[in-house]
Every structure is written in structure tokens, then in C-alpha cells.
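Here, residue 1 is the first one in the sequence, and each next residue gets the next number. Bear in mind the structure is a predicted one, so any value in this text is a computation, not a measurement. Values below: every heavy atom of this structure, side chains too, minus hydrogens, waters and symmetry copies.
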Amino acid sequence: MALFSKAIFAVYNAPKKIPHIQLTPKPSSKKWSTAQDHGLLSTPSHLLTNSKTNYANTITREDDDICFLHARELDVFRHVLSKLGEEAVEGLNMIDAVQRLGIDHHFQEEIDQILQKQHLIITSGSTHGANHHSDLHEVAVRFRLLRQQGYFVPDDVFNKFKESEGSFKQMLSEDIKGLMSLYEASQLSTEGEVTLDEAGQFSCHLLNTSLSHLDHHQARVVGNTLSNSHHKSLATFMAKNFFATNSRGTDNRWLNILQEVTKTDFNMVQSLHQKEIVQISQWWKELGLAKELKFARDQPVKWYIWSMACLTDPKLSEERVELTKPISFIYLIDDIFDVYGTLDELILFTEAVNRWEIGDIDHLPDYMKICFKALHDMTNEISSKVYQKHGWNPLHSLRKTWGSLCNAFLVEAKWFKSGHLPKAEDYLKNGIVSSGVNVVMVHIFFLLGQGITKQSVELLNETPAIISSAAAILRLWDDLGSAEDENQDGHDGSYIWCYLNEHQGRSIEDAQEITINLISKEWKRLNKELVSPNPFPVAFTNASLNLARMVPLMYSYDQNQCLPSLKEYMRSMLYETDSV
């Protein structure tokens with residue numbers, strides 16, 4: 001592991017003691033990356049060129065100083081959070097801030113303690129007491145933060161803001177801050193929660209109506225809330241806008257301290273991500289598949305972005321690198337089925353993957369032999385690493401998920417090579433598997449190594465809702481796009497095509513509306529998993545949520561068949577300095 005990476009981990013694992021110091025102004029930020037604009041899907045050449053010097057084998061005095069400064073900044077803010085967190089509203093606002101900035105992993109112990117007390121406020125009924133005048137913002141933020149943390153809070157906490165006949169009070173139209181918080185809270189609704197559905201519609205309507213009479217800054221904040229709710233967006237992608245929208249006209253000292261913490265943290269984590277890209281790019285180059293299989297996509301950075309989005313804790317560096325490897329094979333095998341292979345060849349390949357016998361592939365075409373051998377070796381290597389680190393051999397589960405993926409790919413190949421469009425329901429059921437999400441999440445579970453038991457592995461092998469809902473969101477979002485990914489010549493159908501074929505006379509707008517409603521339904525299922533008992537660790541649940549949050553960035557094509565949001569995310573996370 002790179003020396004500077006070790007220094008970063010030392011900061012993340014440092015003892016939590018409060019220094020008796022004043023926070024001093026942060027010195028000029030070091031330019032960890034000199035990258036300009038790059039072709040964002042392949043590895044920037046300067047990272048590979050410098051991988052044996054700046055990025056791997058050296059640690060400078062300035063590196064050490066920045067790590068030390070960051071540790072001090074964390075301790076100072078941790079102390080402030082513990083002290084001010086005793087105040088109900090201030091504690092909520094501080095937790096909301098660190099979560100929106102994607103640095104809450106530094107303060108999880110303090111967050112847990114504060115939210116336990118916040119939960120008592122609800123369970124004791126004190127929010128309804130005569131002496132407790134909590135406003136809409138406070139109630140809505142408390143509700144959202146507790147649900148995100150796994151506490152089930154009933155939606156009747158919002159009844160105090162309703163008229164006697166059940167509708168929300170129109171007087172709330174003047175409370176823009178409260179309405180934004182209410183809208184954010186409504187994004188954690190589960191199926192059947194009518195009050196939250198009404199809250200979302202009510203707040204969305206009033207906030208949209210307010211845009212015409214707000215000043216430019218206020219309108220920008222409201223518009224950003226409506227288009228990028230916190231719960232359904234990647235915190236790391238939205239963090240760059242946080243201080244621009246929250247520091248205006250404020251003399252909030254803890255917000256100033258937090259900004260210093262965030263800037264230093266961002267630079268350190270960005271450096272770590274750059275090192276990981278070097279590692280995965282070198283692995284991909286040494287594997288040699290891009291040369292041997294000319295049709296294969298050569299996009300290690302794009303594949304790594306999935307890992308970076310799912311596993312956000314900086315301490316999970318090795319896990320991100322290992323996860324990118326199976327993700328690259330999902331793309332590779334997808335290309336074989338969608339673009340390159342004949343139906344007869346695809347049947348042979350699927351049978352070989354299900355048998356998983358390296359000595360029984362002589363009948364495969366050469367390009368499939370190369371792919372299967374590389375897949376076989378990579379899977380065995382990951383299984384060995386998991387067994388050595390966590391004491392459980394996941395080979396059976398990993399083999400099963402690769403077999404299921406190829407089976408689903410083959411079903412689609414038979415459908416669309418024959419010109420037959422299945423029913424929309426059948427397409428989606430198979431598409432949940434062919435999305436590749438199950439492969440990703442099964443690998444994440446074993447790489448994390450937390451909570452591995454016979455019960456949890458059996459549930460994992462049955463594709464639980466925490467996986468299938470994220471997969472459905474990916475499949476449906478992908479199908480909403482009209483562009484063909486990567487200018488491929490192949491076709492793998494879409495839910496919208498299948499729906500229109502099955503429901504003659506319906507418009508494409510009807511099909512799109514149905515698809516959007518299905519995505520909303522799957523989000524509600526995911527939200528249910530947040531507050532339902534299950535054997536999976538929090539890091540696994542968060543990875544599934546982050547995968548679903550990543551989907552709009554990965555599949556929102558513009559008219560030029562490009563992905564502007566994805567490119568912006570990659571540029572800000574990997575190449576730009578001072579992005580927050």
C-alpha cells in the first residue's frame with residue numbers, strides 16, 4: 001500500500017481525544033493533482049507515468065503535515081459536535097451537514113449518540129407537549145435523519161401540520177425552509193404511507209410555485225432540492241454545492257470549522273482515489289484483455305467509479321480495487337452477449353460458466369476461452385483473499401451469481417435475436433438479474449466481510465429486496481434513455497419497448513410515466529429495507545443505496561449520447577482541486 005495511503009488510514013483510525021488548541025488557519029492547499037480535462041473513461045496518462053514515484057513510493061513532509069492538520073481539525077469539530085449536539089435543532093443541523101458532505105464516517109459515534117437522544121424525543125411524546133414548539137423544519141429533519149439511521153419513525157409526526165380535514169396547512173407556504181425539509185423527508189416513504197406521499201406532493205407544488213418570487217440564490221437552493229433530494233443523490237457529488245448554498249449571510253463558527261475539515265478531507269481522499277485508479281489500471285493492462293479482445297471496452301476509470309460510489313469509506317481502499325475487477329467483467333461479458341457472440345457461441349459460454357470447469361472449455365471459441373479463463377482466475381483469487389481475511393470461502397456464491405448473470409444474458413439474447421419481445425413484467429424480472437447488480441452486491445458483501453453467517457449467505461443467494469430493488473432501479477433508469485450505450489451495434493431491448501408492444505395504442509409518454517412510477521415504487525422498497533431487521537451490515541445497505549443513487553449519473557444521456565453528469569462527477573472527484 002502506498003505510504004501516503006497509510007498516513008491517511010492513520011488519521012481515520014486515530015484515537016478520539018480532544019486537543020487543548022485553537023484551530024489555526026489552514027495553510028495553502030497542496031495541489032494533489034495537476035490534471036486538466038481528460039478523456040474521463042480511460043486512465044489519465046500522468047497518473048500512470050507518476051505511479052512509481054509521486055503516487056506510490058514517496059511521502060513528503062508536507063503530506064505528513066496535512067495528515068496531522070486534518071487529525072486536529074477532526075478532533076476540534078468532533079468536540080464541537082459533541083457539545084452543540086446537545087441542543088436538539090443544532091444537533092440535527094450538524095448531522096445533516098456532515099452527511100451532505102459525505103464525511104459522516106468520521107463522526108459516527110457522536111452521530112449515534114445524538115440520534116439516540118433525538119429518537120427519545122419522539123418515543124417519549126415530548127414533541128407533542130405543550131412546552132415543545134418544534135417547527136416543520138425540525139420535525140422533518142429529525143424524521144429523515146432517524147429513518148436514514150434505521151429507526152422507524154411513523155409518519156403521523158406530521159399530523160400537527162395538517163388541518164382538521166387532513167390536508168396540510170396552507171399557511172406553511174411561507175415556510176420555504178420547512179417545505180424543503182418536508183420534501184426531503186418525503187423521499188424516505190415506504191409503500192402505503194399516504195401522509196408522506198401527500199407531503200411530497202404538497203411541498204413540491206408549493207416550492208415550485210415559490211420559484212417565481214424568490215431571489216436568484218433562494219431559487220437556486222429550492223430548485224436544487226427538488227431536482228436532487230439528499231436521500232436519492234450521492235453526497236460526494238452534491239457536496240461541492242453545500243457551502244455555496246448554506247453559508248450565505250451566516251456567522252456560524254461550526255460551519256466555518258466544518259469547511260476546513262471538508263477541504264482537507266477532500267484533497268486527501270482524492271489522492272487516495274487516484275492511487276486506486278493506478279492500481280486498477282495496471283491490473284487491467286497486465287491482464288491483457290483489451291489487446292486480446294479487440295471488441296472489449298477499455299474503460300477502467302468508468303468501472304472504478306461504481307466502486308468509488310458504492311464504498312465511500314476511505315478505509316475501504318482494497319475493497320474498492322477488488323470490486324472494480326468483477327465490474328469490469330460484467331461490462332466485458334455484456335459486450336460478448338450484446339454485440340459480438342453468435343447465439344450458438346453464447347449458449348456454449350453460458351454452459352461453461354455454469355459448470356465452472358477450467359479443463360472443459362476446449363469447445364469454446366478462442367475469445368471465449370480467454371474471457372472464461374480470466375473470469376475463473378479472478379474469481380478464485382478474490383475467493384482466496386476473502387477466505388484468508390474473513391475465514392469464509394465465497395466461491396460457491398460467486399460462481400452462482402456469475403452463472404445467473406450469463407443465464408439472464410442468454411435469455412435476452414434469445415428474445416431479441418429472434419425478434420421476440422417478451423411481456424414487460426417478464427423482461428423486468430430477467431432484467432433485474434442481467435443488470436449485473438446482484439454480481440456487484442454479492443462481491444461487496446464478501447469483500448466487506450461483516451456479518452457473514454450461514455443465514456446471511458443463504459438470504460444473499462436468494463437476491464433479497466435490498467439487492468433486487470437497486471437492480472430494478474438501474475434497469476428501468478437505463479431503459480428510460482433513448483440513446484444506445486457506447487454507440488454499440490447490438491440491442492438488448494428495453495422495458496418501454498416491451499410495454500408498448502404489449503399495450504398497443506399506448507403512447508411512449510404513457511410508457512415513460514409507468515417506468516418512472518415503477519422506479520418510485522422500488523425506491524419505497526429500498527426505504528423499507530432501511531428500517532426493517534435484516535442480517536446485513538450497515539456498510540452493505542449503504543452500498544446498495546449508493547448504487548441506486550449512482551444510476552442517474554451513469555445513465556442520463558444527452559442528445560449527443562454523452563453522459564455530462566457522470567463526466568462532471570468524475571472530474572470533480574478525481575481531477576479538480578478545491579471542489580468543495
Side-chain angles (χ1 to χ4, degrees), residues 87-97 99-100 115 118-119 121-148 151-233 238 241-242 245-246 248-250 252 520 523-524 527:
E87 304 173 25
V89 180
E90 199 73 352
L92 292 171
N93 290 335
M94 294 180 78
I95 293 174
D96 188 32
Q99 289 184 349
R100 287 179 181 273
L115 290 182
Q118 293 286 344
H119 189 238
I121 292 177
I122 291 179
T123 55
S124 66
S126 60
T127 52
H128 305 290
N131 296 323
H132 193 96
H133 302 289
S134 52
D135 62 7
L136 179 58
H137 167 74
E138 179 183 345
V139 172
V141 173
R142 180 182 294 112
F143 174 90
R144 176 170 60 82
L145 294 181
L146 287 172
R147 280 217 173 178
Q148 287 173 180
Y151 293 97
F152 179 75
V153 181
D155 59 359
D156 63 7
V157 297
F158 296 107
N159 286 347
K160 64 182 294 184
F161 304 104
K162 288 184 171 184
E163 302 286 3
S164 56
E165 76 276 7
S167 62
F168 279 91
K169 298 176 179 179
Q170 286 299 315
M171 62 181 290
L172 296 172
S173 62
E174 301 299 319
D175 184 6
I176 299 299
K177 182 179 181 180
L179 288 172
M180 287 194 296
S181 297
L182 180 63
Y183 179 79
E184 294 272 22
S186 73
Q187 302 305 300
L188 281 103
S189 67
T190 62
E191 290 186 81
E193 291 190 307
V194 177
T195 293
L196 284 181
D197 291 339
E198 292 174 346
Q201 296 167 5
F202 172 79
S203 56
C204 182
H205 171 71
L206 289 182
L207 288 172
N208 272 309
T209 302
S210 73
L211 291 173
S212 60
H213 62 261
L214 296 175
D215 65 37
H216 176 74
H217 173 77
Q218 291 174 319
R220 179 186 172 196
V221 174
V222 170
N224 190 56
T225 298
L226 292 173
S227 59
N228 300 287
S229 66
H230 171 65
H231 179 58
K232 296 180 180 178
S233 302
M238 303 306 299
N241 298 318
F242 179 81
T245 58
N246 288 274
R248 185 186 185 193
T250 181
N252 190 327
S520 177
W523 263 110
K524 289 185 176 185
N527 291 340

(message) Are F143 and F158 an aromatic pair, judged by ring center distance below 6.0 Å?
(response) yes

(request) Would you confirm whether E184, through its side chain, and H230, through its main-chain N or O, come within 3.5 Å as a donor-acceptor pair? (result) yes

(message) Is the terminal nitrogen or CZ of K162 (NZ for Lys, CZ for Arg) located under 6.0 angstrom from the six-membered ring centre of F168 and within 45° of that ring's axis?
(response) yes

(message) Using only atom types and a distance under 3.5 Å, with no angle test, would you say the side chain of T225 pairs donor to acceptor with the backbone of V221?
(response) yes

(request) Measure the spacing between CG of L136 and OG of S181 and express it to the nearest 0.5 Å. (result) 7.0 Å

(message) To the closest 0.5 Å, what do you measure between CG (D96) and CD (Q148)?
(response) 8.0 Å

(message) Given 3.5 Å as the limit, does a donor-acceptor pair link the side chain of N228 with the main chain of S233, or not?
(response) no

(message) With a 3.5 Å distance limit and no angle check, can you tell me whether R100 reaches the backbone of F242 through a side-chain donor-acceptor pair?
(response) no

Could you pull out every donor-acceptor pair under 3.5 Å between side chains of residues 198-208 and any protein atom, sequence neighbours left out?
unit_1	atom_1	unit_2	atom_2	d
S203	OG	A199	O	2.7
S203	OG	G200	O	3.3
N208	ND2	C204	O	3.1

(request) Could you tell me whether a side-chain N or O of K524 sits under 3.5 Å from a main-chain N or O of G192, the two making a donor and an acceptor? (result) no

(message) Here's a test for you: under side-chain contact (heavy atoms from CB on, under 4.5 Å), which of L188, N527, D155 qualifies with L196?
(response) D155

(request) Look up atom CG in D175 and atom CG in L182, then write down how far apart they are to the nearest 0.5 Å. (result) 9.5 Å

(message) Salt bridge check, R147 against E193: does any charged N sit closer than 4.0 Å to a carboxylate O?
(response) yes

(request) Report yes or no: do E163 and Q170 form a side-chain donor-acceptor pair below 3.5 Å? (result) no

(message) Keeping D135 on the side-chain end and E138 on the backbone end, is there a donor-acceptor pair under 3.5 Å?
(response) yes

(message) So if I apply the side-chain hydrogen bond (donor to acceptor under 3.5 Å, both in side chains) rule between Q187 and each of H231, R144, K232, which one comes out positive?
(response) K232

